[in-house]
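See structure below.
From a predicted model like this one, the values you see are computed outputs, not experimental measurements. For ligands, and for the atoms within them, numbers begin at 1 and follow the listed sequence.
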Amino acid sequence: MEPSVPGIFEETRPRALELYREHVGPMWAKMLRTIGFDRQWVRGEGPYLWDADGLKYLDFMSGWGVFNFGRGHPVIRQALVDTLEAGLPNWAAFDTPPLAAALAEELTRLLPEGLERVYFCNSGAEATEAAIKFARAATGKQGMIHLGRAFHGLTTGALAVNGDLAFRDGFEPLLSPAVRVELNDYDGLERAFSAGDIALFIFEPIQGKGVYIPEDAFLRRAAELCREHGALLVCDEVQTGLGRTGRTFAFEWVEGLEPDIVLIAKALSGGYVPVGAMVTRRAIHDRMYTSMDQGMRHTCTFGMGDLAMAAGLASLRVLEEEHLAANAGRIGGIIREGLERMMPRFEFITEVRQRGLMIGIEFGEPRSIALRGAWATTHRISPDLFPQAVVIPLLDDHRILTQVAGHHMDVVKLLPPLNITEADAEWFLAGFERTMEALHSFPGPVWELMKKLGKHAVAARR
Ligand SMILES: Cc1ncc(COP(=O)(O)O)c(C=O)c1O
């Protein structure tokens, strides 16, 4: 009998962790086992996952933000089935693929006038790489300004505009000149531009690492400086785009902001097929492809594949027809209000940052002496340990999958699918409240777990 895909999945599942450890990533496998995240997931649908024991979980991570429309959305799934069954030519190479042309038309329709040319690729990092090259080609300048804590992908060009040293460490020198400006540091911004030779300023309208929201005035000033200095404003919507923040694109929250380049990826294909897109102005695009013999100057083999394009078209339809940006705004508001109601009772919570269904919960040093001691000890062991006291019990005790928002920060991030319901929000809020009650009781089981993880962390350093 021919092995079927479900057959291979089932046969391999019990030994997948071992195989993964052996052939893919031993450290990742070890980390998952250490924090108890080594579940065997067997099914996913909408915002839910099921483990091998048949237990249902609420997924508030969306596969790092690819499942804006939930897993297995019937409209997107059907578009893929139809594409496979239609026997389309796909990658005839010397062609102008109709599905890519249609998706480009749809994307540009969703964006402000003037953003009318699309370069398709396969990931967020590739979209960033494209932005760097297009900005250099268009301006004839080389310099790049990026923000502290910025994340635009991990290929070496994108790494040059990454604001987190933990990612860059060991790979310098990277593409240069690249200048880092801290978020909302107006003087730093002026200084960075005044150095001259700036091709681009790149930013996330909400930073994925830590869920930090730039001040509107800061982004407006960056846009003005770009105009003054002949640089391009590059808006990375890889995580924030396609309804996530309650608007189709998050830059729409800043009145009058007009990016020259917008980067899109992740949810564009509904989580099914790798995809990326860079949308820009005609004049910028024309400076990259200046003549017929320059037509291949920036390309990639797998960009514009029929499956990715069909999924993209279906995803945009779902986003609009199901009013998912509005739902993200409404349910996100319910979650924020629920969290804010809890804040007076739970002294570890210091701030909730929310736009739509991109939510960061920041924790800080508590006032009471016993909890302060626990906080200090945890941070002495590792600056990355504390948020585990939230995400581990949320998964173990309440079956809610969440993530730590970045290196060296006490922030937990929520990134659920945009079509979650009030009942899902209630599931999360109830689980989070119980988790906070446990966290605020010292000594207690959460702190025993922290002690155990702390020992692992110390042993791993030896
Ligand atoms: C804002 C942003 N830009 C770029 C990327 C890189 O995307 P990819 O992982 O598809 O390369 C990410 C990934 O998390 C992201 O959040």
(message) Between Tyr57 and Tyr48, is the ring centroid distance below 6.0 Å?
(response) no
(message) Determine whether the aromatic ring centres of residues Phe167 and His407 are separated by less than 6.0 angstrom.
(response) yes
(message) By the side-chain hydrogen bond (donor to acceptor under 3.5 Å, both in side chains) test, which pairs, at least two apart or in different chains, include something from residues 273-283?
(response) Glu116-Arg282, Asp260-Arg281
(message) Listing request: all side-chain hydrogen bond (donor to acceptor under 3.5 Å, both in side chains) pairs with a residue in residues 139-150, at least two apart in sequence or in separate chains.
(response) Arg136-Gln142
(message) Just to be sure I understand the cut-off, which residues have at least one non-hydrogen atom under 4.0 angstrom from an atom of ligand 1?
(response) Ser123, Gly124, Ala125, Phe151, His152, Gly153, Glu204, Asp236, Val238, Gln239, Lys266
(message) Side chains of His379 and Asp410: any donor to acceptor distance under 3.5 Å?
(response) yes
(message) Going by ring pair (Phe, Tyr, Trp, His ring centres under 6.0 Å), name the pairs with one or both residues in residues 266-288, residues two or more places apart or in two chains.
(response) Phe134-His285, His285-Tyr289
